[in-house]
Amino acid sequence: MKRYLITEDGTVIVGSGYGSPVTGYGELVFTTSMTGYLESLTDPSYVGQMLVFASPTISNYELHKGVMESQRVKVSGVITRDAHMELPAGSLGGDFDRFLRDEGIPAIDGVDTRFIVRKIRQGGVLRAYITDNPEAVKDFPDPMNEDLVTKALDSTGIRNIKGNGEERILFIDLGSKKTLRDMMLNHFSLTVASPDSDLDSIDHYDAIFVSNGPGDPQHPSLKPVVEFIRKNLGRKPVFGICFGLQIIALAYGSKTYKMKFGHRGSNHAVSDGRRVFITTHNHGYAVDPDTIGDFHVTERDVNDGTVEMIEDDMMMAVQYHPEASPGPHDTRWFFSEMRRRTDAAKR
């Protein structure tokens, strides 16, 4: 079945359709990860985006429900060079094609993904459609103008989760990955709160954590979260990962900017000036280094100098994903360091 990928600059790419026959729309981005395709597809940080797999062969091992990072696929479209769409899907009970059809996600295969990746790297992220009817494509609104965090959440409100530690963390969920919550529960108990909760009414916690999530950290819907963090700086230990780092930086008065094509994949080198860590990334925004406030930048990306870790006496946040699964485990010390700092603040 013929299917089209149509980008805002007028490029039309023809491939074979699989997954759902619906039209998909979003910001066209790519990941360099060669494994973890199901984890990527279900990562809430990809809401509003269509994902190009730079690795040519996708779905060449079975899908297993236990590795999903959320309850559903979060990308709005999938672009592949060679998808093994009929490989048995393990515990999910069907093949890759059936899985995407059931999830309502359109996909296109047999396209030159190298061409698309080069196009994005040279010109930046593009808005695009996956469609069976190219005549229906008319405009290209910016998905980043939407409240993508609300779309990313599997649940809202406030809930307490017992973990393996006495310390309790106020976990502000902006679209967190399951693996991240699991890692946190290895060290802490959590009070998980969606951003529309009355955060000021929550008490009996030892530290604050801001999760990963999709979209623009300066979106108006997130101002209450930024203000809540600002009010608590220096009062409670504050931690964050990825989107969370950007929210924390905004609370200090820094600014963020949209990157040309973002960082996505499992092979990004980060350095603190003494050591180099290989890390997993998934972000399209970053902290503007010219607006650094009352905190220290202690790690940067080796390739382009992007701010990767910020901290002060009562705050620590990283732009990458220490909980990466699959992916390198170089920075899983982040969680034990969180626990050490939280313990120290209670003394």
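Start at 1 with the first residue, then count along the sequence. Computed from heavy atoms alone, side chains included, the values below leave out hydrogens, waters and symmetry copies.
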Residue pair H263 / D304, side-chain donor-acceptor N/O under 3.5 Å: yes

Short side-chain to backbone donor-acceptor contact, S16 and M1, under 3.5 Å: no

Listed partners of E311 passing salt bridge (Lys or Arg N to Asp or Glu O under 4.0 Å), at least two apart: R341

Salt bridge D154-K74, side-chain N to carboxylate O under 4.0 Å: yes

Pair F140 and Y129, ring centroids less than 6.0 Å apart: yes

Flag if over 12 foreign heavy atoms under 6.0 Å of NZ, K346: yes

Beyond-backbone contact of V137 with Y4, side-chain heavy atoms, under 4.5 angstrom: no

Donor-acceptor under 3.5 Å (D142 side chain, M144 main chain): yes

All pairs passing ring-ring contact (aromatic ring centres under 6.0 Å, His included) where residues 308-342 contributes a residue, at least two apart: F277-W333

Check: V276 main-chain N/O paired with S271 side-chain donor or acceptor under 3.5 Å: no

Gap separating the CE atom of M68 from the CG atom of L41, nearest 0.5 angstrom: 9.0 Å

Nearest-0.5 Å distance, CG of residue L180 to OG of residue S325: 12.0 Å

Hydrophobic cluster (4.5 angstrom, side-chain heavy atoms) - remaining members for M34: none

Contacts of R274 that satisfy salt bridge (Lys or Arg N to Asp or Glu O under 4.0 Å) - sequence neighbours left out: D272

S76 side chain vs G48 backbone, donor-acceptor pair below 3.5 Å: no

Pair Y61-Y37, ring-ring contact (aromatic ring centres under 6.0 Å, His included): steps then yes or no: CA-CA 10 Å; Y61 61 88; Y37 63 98; 5.0 Å; yes

Approximate separation, where rounding is to 0.5 Å, of K177 NZ and I241 CD1: 8.5 Å

Flag, side chain of S33 to backbone of S266, donor-acceptor distance under 3.5 Å: yes

Point-to-point distance, once rounded to the nearest 0.5 Å, from CD of E299 to CD1 of I310: 11.5 Å

Residues, nucleotides or ligands: over 12 heavy atoms within 6.0 Å of K223 NZ: no

By side-chain hydrogen bond (donor to acceptor under 3.5 Å, both in side chains) - contacts of T35 (at least two apart): none

Beyond-backbone contact of H204 with R168, side-chain heavy atoms, under 4.5 angstrom: no

Spacing of I247 atom CD1 and Y252 atom OH [to the nearest 0.5 Å]: 14.0 Å

All pairs passing salt bridge (charged side-chain N to carboxylate O under 4.0 Å, His left out) where residues 101-123 contributes a residue, at least two apart: D9-K119, R72-E103, D97-R101, R98-D102, D112-R114

Separation between CG of N303 and NE2 of H268, rounded to the nearest 0.5 Å: 8.0 Å

L5: which of V111, V14, V52, I108 passes side-chain contact (heavy atoms from CB on, under 4.5 Å): I108

Distance-only polar pair, side chains of T32 and N267, donor-acceptor under 3.5 Å: yes

Partner residues of E27 under the side-chain hydrogen bond (donor to acceptor under 3.5 Å, both in side chains) criterion, sequence neighbours left out: Q49, K258

Sequence neighbours excluded, every pair satisfying side chain to side chain donor-acceptor pair (under 3.5 Å) that has a member inside residues 235-251: Q246-Q319

Donor-acceptor pair between N212 and S176 side chains, under 3.5 angstrom: no

K255: side-chain hydrogen bond (donor to acceptor under 3.5 Å, both in side chains) partners, not counting sequence neighbours: none

Residues forming a salt bridge (Lys or Arg N to Asp or Glu O under 4.0 Å) with D182, sequence neighbours excluded: K178

Counterpart residues, side-chain hydrogen bond (donor to acceptor under 3.5 Å, both in side chains), relative to E308 (two or more places apart): none

R81 and T113: side chain donor to acceptor below 3.5 Å: no

Full working for side chain to side chain donor-acceptor pair (under 3.5 Å) between H296 and T298: CA-CA 6 Å; H296 303 290; T298 50; over 6 Å; no

For R264, all residues meeting salt bridge (Lys or Arg N to Asp or Glu O under 4.0 Å), sequence neighbours excluded: none

T31 (side chain) donor-acceptor with F53 (main chain) under 3.5 angstrom: no

